[in-house]
Amino acid sequence: MIEKNPVLRFSNEVHAALDANKPVVALESTIISHGLPRPQNLQVAREVEAIVREAGATPATIAVIDGVVHIGLSDSELEAIANRDDIAKASNRDLAIAVATGKSAATTVAATAHLAVLAGISVFATGGLGGVHRGANESFDESADLTALSALDITVVCAGVKSILDVGATLERLETLAIGLVGYRTTNFPGFYLTDSGFTLEHRVDSAAEIAVIRAARVALQTNHAALIVANPVIKEMNRARHDEILASGLARAKKEGIIGKAVTPFLLEHFHATSEGESLRVNVDIIKSNSALAADIAVASAR
Ligand code: PSU
Ligand code: MN
């Protein structure tokens, strides 16, 4: 039996899998509470867990509920994250405050990755990473996801970064922060809703087994102090013209309404969902499912 961190509450399933050195995939909760509309959010959260199990790994959705950090959620806990109105959005800096005050919070990529590593989990699936926002040269709005991932040994599967961001600047920051980056079956850096952000990737991988080999080499070379990002493009992207139109109107609305800080990303996602007649939601759901399946395959290949 391995010693478990006492501030973390493990689900029985995740506890057993970690104890037996079986593959585990961390899943974030901000996507559930702040990234997807009800009632699809709960449905997707359940489906994603089923996809990970199907592929032979154990899902560990991570969240803070009533001051307790959960590594792996029961169905009623998933429901709480999806449906309760008092679920904050927590990045790393918010975690201790939520725990100390008994609050509930969904965890961002940064916070989920941090807690996953603390729990002994090294593969993580999300939708899109946070990054450098457009206009960051004035607003300084850069997601804490980037700095968090610069100091965590974790493999994160995502569909690139959202087109709502400054993709070029985000890629430059990933390079500076020594965060590894490979494209899954592509050399086009994906743009979340779009398969190609217009930026090219240096490295392409074609299988989970290849990624497992890279993970092992990172450990041997001690370049695993920072994360490895696997950029997995969505199969069927959004209509480009519609995407560009919605993005422009969303950015204009955010500016006009003075949306700042951690409200920016949920605001823009909600704008997409509200104006694309279901298309952005369909793409968002496809992304999370496909990333979870690939993350499970990577966890399984790495456990071999
Ligand atoms: N990708 C999605 N939906 C989301 C997010 C990403 O498809 O809800 C969330 C993630 O939790 C990510 C966060 O960590 O948005 C980034 O927020 P910010 O830009 O405030 O750092
Ligand atoms: Mn921000």
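Counting starts at 1 for both ligands and their atoms, in listed order.
For the residue pair S29 / T107, a side-chain donor-acceptor distance below 3.5 Å is found, with atom types taken as modelled. H133 and S139 share no side-chain donor-acceptor pair at under 3.5 Å. Looking at R215 and T155, their side chains do bring a donor and an acceptor atom within 3.5 Å of each other.
Crowding of R242 atom CZ: a count of heavy atoms from other residues, nucleotides or ligands under 6.0 Å exceeding 12. Residue E257 places its CD atom among more than 12 non-hydrogen atoms of other residues, nucleotides or ligands, all under 6.0 Å distant. In this structure, L221 places its CG atom where more than 12 heavy-atom neighbours from other residues, nucleotides or ligands lie under 6.0 Å away. Heavy-atom neighbours of N12 CG from other residues, nucleotides or ligands within 6.0 Å: at or below the threshold of 12. More than 12 heavy-atom neighbours from other residues, nucleotides or ligands sit within 6.0 angstrom of CZ on R38.
The nearest protein atom to atom 21 (O) of ligand 1, hydrogens excluded, is given as S143 OG, 2.6 Å; this is a heavy-atom distance. Ranking protein heavy atoms by distance to atom 9 (C) of ligand 1, first place goes to T30 CG2, 3.9 Å. The protein non-hydrogen atom at the shortest distance from atom 7 (O) of ligand 1 is F192 CZ, 3.0 Å. Protein heavy atom closest to atom 17 (O) of ligand 1, with residue, atom name and distance, is K89 NZ, 3.2 Å.
Inclusion of G127 in the set of residues having an N or O under 3.5 Å from an N or O of ligand 1 is not warranted. Residue-to-ligand polar distances keep G130 apart from ligand 1: every N/O pair is separated by 3.5 Å or more. Below 3.5 Å of separation, one finds an N or O of T265 facing an N or O of ligand 1.
Those atoms of ligand 1 with a heavy atom of G35 less than 4.0 angstrom away are 8 (O). Taking every non-hydrogen atom of D145 and a distance limit under 4.0 Å, the qualifying atoms of ligand 1 come out as 12 (C), 14 (O), 16 (C). Close contacts between ligand 1 and T108 involve ligand atoms 11 (O), 14 (O) [criterion: under 4.0 Å to a heavy atom]. Close approach of ligand 1 to E28 (heavy-atom distance below 4.0 Å) involves ligand atoms 10 (C), 11 (O).
Interatomic distance, NZ of K262 versus OG1 of T108, reported as 9.0 Å (0.5 Å rounding).
Only the side chain of L269 comes within contact range of ligand 1, with a heavy atom under 4.0 Å; no backbone atom does. The residue T126 has no part lying near ligand 1, judged by heavy-atom distances below 4.0 Å.
Between P233 and Y184 the shortest heavy-atom distance is CD-O, 3.6 Å.
With distances taken over non-hydrogen atoms, the option nearest atom 6 (C) of ligand 1 out of H34, K162, H133, K262 is K162.
Of all N, O or S atoms in D141, the one lying closest to the Mn ion (ligand 2) is OD1.
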